[in-house]
Protein chains: 2
Amino acid sequence: MSDTKTRILDAAEQLFGRNGFESTSLRAITTEAQVNLAAVNYHFQSKDALIDAVLERRIGPVTRRRLEMLDVAEADPAGLTLEKVIEAFAAPVVEAAMGQPGLAPLMGRIMATPGAFLERVFLRYMEAVKSRFLPALLRSGVRLPPEELFWRLHFMVGSLAHVLVFAPVMPAMSNGLCQLNDGRAIVNRLVAFCAAGMRAPVEQMEKEA
Amino acid sequence: MSDTKTRILDAAEQLFGRNGFESTSLRAITTEAQVNLAAVNYHFQSKDALIDAVLERRIGPVTRRRLEMLDVAEADPAGLTLEKVIEAFAAPVVEAAMGQPGLAPLMGRIMATPGAFLERVFLRYMEAVKSRFLPALLRSGVRLPPEELFWRLHFMVGSLAHVLVFAPVMPAMSNGLCQLNDGRAIVNRLVAFCAAGMRAPVEQMEKEA
DNA sequence: GTCTATAGGTTGATAGAC
DNA sequence: GTCTATCAACCTATAGAC
């Protein structure tokens, strides 16, 4: 399984996460993967198709796991808490990211980069997630005006994306205070923070003069 | 004031925000600014120096405003609430970003991109912010283990950065539900969410077997 | 200060031998 | 499937006329 194609995918994943898609040259990838430059265009057709393949390989399993966890949580409607819904959203991506070194920033980049790449991913995977998680949030007892709910979901995704993007530098940034070896602990902190934020009282808007 | 130098800065700001630093060529900038290609290297010395100038122009005022607002809040120690501290952190950047169309994604990108650019900005501006805001948080009544506090600050910055990065596409992404014309309203929502998150009870960590 | 012209390097992609 | 060699297009930066 350590054939050329896989080695290219592995190297591309690391470098895309570290430097972004457009700043990563095919030459950098083939050097890191120790394969020939032409191998990229043989196994994939273009750099764009390689990007798709890199995303495809990781996002599919995470999306499936998210929906699985949500299924489990929703199987017991009475016990469906806000925390369980948020955990189903956050845990799969955090665990996947922490399990494979260098994967986190790529995941974060996908969530935090608007434009062509996000749309490509969003339309293909996130639509299913959104259509399942929004109703689940409501069923879990969240009572918010639609606009407020959308903003708070946005804040939540931002927290999650930020954790992933900064994962490689987090220990250094915090002077060793924050470590990443325990993905479960990170998810727990994130869930506690976001659940409390979701339950915050809705600010009354002042009337304009 | 609409001289060549300013036109370059304006165009660079827009394009850096939209496509990132490395994906934006000097040609794209000079075309957008309707100036000659060589003007960039005349007025600035290099692309790297241009990036610095673009950042410098916007971040300085925001940093000053942040510290000003914190000064005002801390002038009345009894009334120093968590909300006021978070607002002093978030409001200046949101208001600056919303005031100038196209500026938001650049601000978000600065906050959400680790690596050379963040370090350049972080060391020059954020160190002052951090050294003032962390103590202010404690004085406002936050009682958290240092590790937990750092994580929650990280979550908060992530929410803020995400709002900025996605500002241009937020209305479309929410099917028109979330608009950006009222920066104050966004800050209020963000403050409510993050303050509640900061006040969340600390999750008890399970002992490892 | 503004321009043209160009140097010198890197990129993605491909043709064709093995 | 893997390689070398190469193309055309792009990039940043600069030299030098005006």
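In what follows, chains are A, B, ... by sequence order, proteins preceding strands, each numbered from 1.
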| query | Using 4.0 Å as the upper bound for N to carboxylate O, is an ion pair formed by A/Lys84 and A/Glu87? | reply | no
| remark: Whole-Å distance, B/Lys5 NZ to C/dT2 P, equals 11 Å
| Any side-chain N or O of B/Thr4 less than 4.0 Å from the OP1 or OP2 oxygen of C/dT2? | yes
| message | Could you check whether B/Glu83 pairs with B/Arg199 (Lys NZ or Arg NE/NH1/NH2 to Asp/Glu carboxylate O, under 4.0 Å)? | response | yes
| query | So, A/Glu32 and A/Arg7, do they make that salt bridge, N to O below 4.0 Å? | reply | no
| In whole angstroms, how far is the C1' atom of D/dG16 from the OH atom of B/Tyr42? | 14 Å
| field | Atom pair distance, as rounded to whole Å: CZ in A/Arg7 and P in D/dG1 | value | 14 Å
| Cation-aromatic face contact A/Lys5/A/Phe44, 6.0 Å, 45 degrees | yes
| request: With sequence neighbours excluded, give me every salt bridge (charged side-chain N to carboxylate O under 4.0 Å, His left out) pair touching residues 91-120 of chain A. | output: A/Asp48-A/Arg120, A/Asp52-A/Arg120
| message | Pairing donors with acceptors under 3.5 angstrom, does anything connect the side chains of A/Ser159 and B/Ser159? | response | yes
| query | Is B/Arg64 salt-bridged to B/Glu68, going by a charged N under 4.0 Å from an acidic O? | reply | no
| query | Atom CD1 of A/Ile8 to atom C1' of D/dT2: distance rounded to whole Å? | reply | 11 Å
| remark: From CG of B/Asn41 across to P of D/dT14 the rounded distance in Å is 6 Å
| Looking at residues 44-58 of chain A, who's got a heavy atom less than 4.0 Å off DNA chain D? | none
| Any residue of residues 17-40 of chain A with a heavy atom less than 4.0 Å from an atom of DNA chain D | A/Asn36, A/Ala38
| message | On the six-membered ring of B/Phe155, is A/Arg189 placed so that its NZ or CZ lies under 6.0 angstrom from the centre and within 45° of the ring axis? | response | no
